[in-house]
Amino acid sequence: MVIKSSISTSTNASSFISWKTQFQNPVNSKLLALPAAAFGVPKRVSFSLRAMGSSASSQRPDNIQEAGKVDYTSVADDEWKKRLTAEQYYITRQKGTERAFTGEYWNTKTPGTYHCICCDTPLFESFTKFDSGTGWPSYYQPVGSNVKSKLDLSIIFMPRQEVVCAVCDAHLGHVFDDGPPPTGKRYCINSASLKLKPK
């Protein structure tokens with residue numbers, strides 16, 4: 001049986017369940033015509049699935065673990081300046097870099113979770129932190145899909161992969177392919193973009 005599915009995901013509790021599915025089997029089509037309540041699905045929850053291979057680049061990954069449901073794209077620049085210190089603002093909102101061996105967490109061994117300083121989203125677990133010798137906090141893996149990367153061409157002859165918070169787009173640092181197993185990645189992060197919550 002061939003299935004074509006279209007799903008629209010929403011975390012808004014007031015939204016409704018919507019689904020469109022086409023089956024080559026007409027019996028299954030009749031089942032889907034039943035109201036959502038017939039399946040025991042709450043009316044106030046909305047979820048959707050995308051067929052494998054479909055484009056989801058404009059959607060937020062399903063396993064992002066957000067601290068809240070705030071639309072950070074609407075936060076004005078002046079508001080960020082009020083919420084953050086001058087160094088935090090420079091690094092997270094202006095893509096700055098702190099000097100090596102000066103950040104609060106470059107050599108911290110405290111167990112816990114490192115959160116985004118801007119939106120409090122969990123970004124890295126302390127057990128993924130390792131000593132890279134670079135003078136910046138380094139991790140081999142982020143929490144779920146809470147960190148995303150994009151091409152950084154700010155240094156013409158040295159293209160890099162910038163890493164940002166997937167929720168508020170705060171600049172965190174860069175990711176390189178010279179990290180330890182199991183990922184082989186080195187997320188080189190500015191301390192000023194992080195807030196450690198000890199366990």
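We use all heavy atoms of the structure for the numbers below, so side chains are in, but hydrogens, waters and symmetry mates are not.
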- prompt: Is there a side chain to side chain donor-acceptor pair (under 3.5 Å) between Gln141 and Thr128 once you walk through the steps?
  reply: CA-CA 6 Å; Gln141 178 177 298; Thr128 67; over 6 Å; no
field: Close side-chain approach of Tyr89 to Asp77, heavy-atom, < 4.5 Å
entry: yes
query: Any Lys/Arg nitrogen of Lys150 or Asp169 sitting under 4.0 Å from an Asp/Glu carboxylate oxygen of the other?
result: yes
- prompt: Stepwise, does the salt bridge (Lys or Arg N to Asp or Glu O under 4.0 Å) test hold for Asp120 with Lys197?
  reply: CA-CA 10 Å; Asp120 202 35; Lys197 294 188 178 181; 2.9 Å; yes
query: Can you tell me if His171 uses its side chain to pair, donor with acceptor, with the backbone of Thr92 under 3.5 Å?
result: no
statement: Of Thr134, Asp177, Asp178, the one forming a side chain to side chain donor-acceptor pair (under 3.5 Å) with Arg186 is Asp178
- prompt: Would you say the side chain of Glu162 lies within less than 4.5 Å of the side chain of Val164, judging by non-hydrogen atoms?
  reply: yes
- request: Drop me the distance from Glu79's CD to Ser74's OG, to the nearest 0.5 angstrom.
  value: 10.0 Å
message: Check the orientation of Phe176 and His174. Use parallel for under 30°, tilted for 30 to 60°, and perpendicular for over 60°.
response: tilted
task: Rounded to the nearest 0.5 Å, what's the gap from OG on Ser149 to CG on Leu172? Could you check?
output: 11.0 Å
- prompt: Where the side chain of Asn190 meets the backbone of Thr97, is there a donor-acceptor pair that is under 3.5 Å apart?
  reply: no
message: As a quick check of understanding, evaluate side chain to side chain contact (heavy atoms under 4.5 Å, CB included) for Trp80 and Cys118, giving each step before the final call.
response: CA-CA 8 Å; Trp80 283 123; Cys118 296; 3.5 Å; yes
- request: Determine whether the aromatic ring centres of Trp106 and Phe101 lie less than 6.0 Å apart.
  value: yes
- request: Work out which heavy atom in Tyr105 is nearest to a heavy atom in Leu196; give both atom names and the distance.
  value: OH-N, 3.1 Å
message: Could you tell me if the side chain of Ile117 sits less than 4.5 Å from the side chain of Leu84, heavy atoms only?
response: yes
Test item: Lys129 side-chain N/O and Thr108 main-chain N/O as donor-acceptor pair under 3.5 Å: yes
field: Heavy-atom closest contact (Thr110 atom, Pro198 atom, distance)
entry: CG2-CB, 4.0 Å
query: With a 4.5 Å heavy-atom cut-off, do Arg160 and Val175 have their side chains touching?
result: no
query: Can any side-chain N or O of Tyr114 pair as donor or acceptor with the backbone N or O of Glu125 at less than 3.5 Å?
result: no
task: Evaluate the criterion side chain to side chain contact (heavy atoms under 4.5 Å, CB included) for residue pair Tyr140 and Tyr187; output intermediate values, then yes/no.
output: CA-CA 6 Å; Tyr140 62 78; Tyr187 288 83; 5.9 Å; no
task: Start with the C-alpha distance between Asn146 and Val167, add both sets of side-chain angles, then the distance that settles side chain to side chain contact (heavy atoms under 4.5 Å, CB included), and finish with yes or no.
output: CA-CA 7 Å; Asn146 292 358; Val167 174; 5.5 Å; no
message: Side chains of Pro142 and Leu123, heavy atoms from C-beta outward: is any pair under 4.5 Å?
response: no
query: Which atoms form the tightest heavy-atom contact between His115 and Pro122, and what is the distance?
result: ND1-N, 3.6 Å
Check: Asp71 side chain, Thr73 main-chain N or O, donor-acceptor pair, under 3.5 Å: yes
Spacing of CZ belonging to Arg93 relative to OG belonging to Ser193, to within rounding of 0.5 Å: 11.0 Å
query: Side chains of Arg83 and Val75: does their closest heavy-atom pair fall under 4.5 Å?
result: yes
task: May I ask you to decide if the ring planes of Phe124 and Tyr139 are parallel, tilted or perpendicular, using 30° and 60° as cut-offs?
output: parallel
- prompt: Mind checking whether Cys165 and Val147 have side chains closer than 4.5 Å, heavy atoms only?
  reply: no
Flag, side chain of Gln88 to backbone of Thr85, donor-acceptor distance under 3.5 Å: yes
message: With heavy-atom distances below 4.5 Å as the criterion, would you say the side chains of Cys168 and Cys116 are in contact?
response: yes
Expected output: side-chain Trp136 to main-chain Glu98 donor-acceptor under 3.5 Å: yes
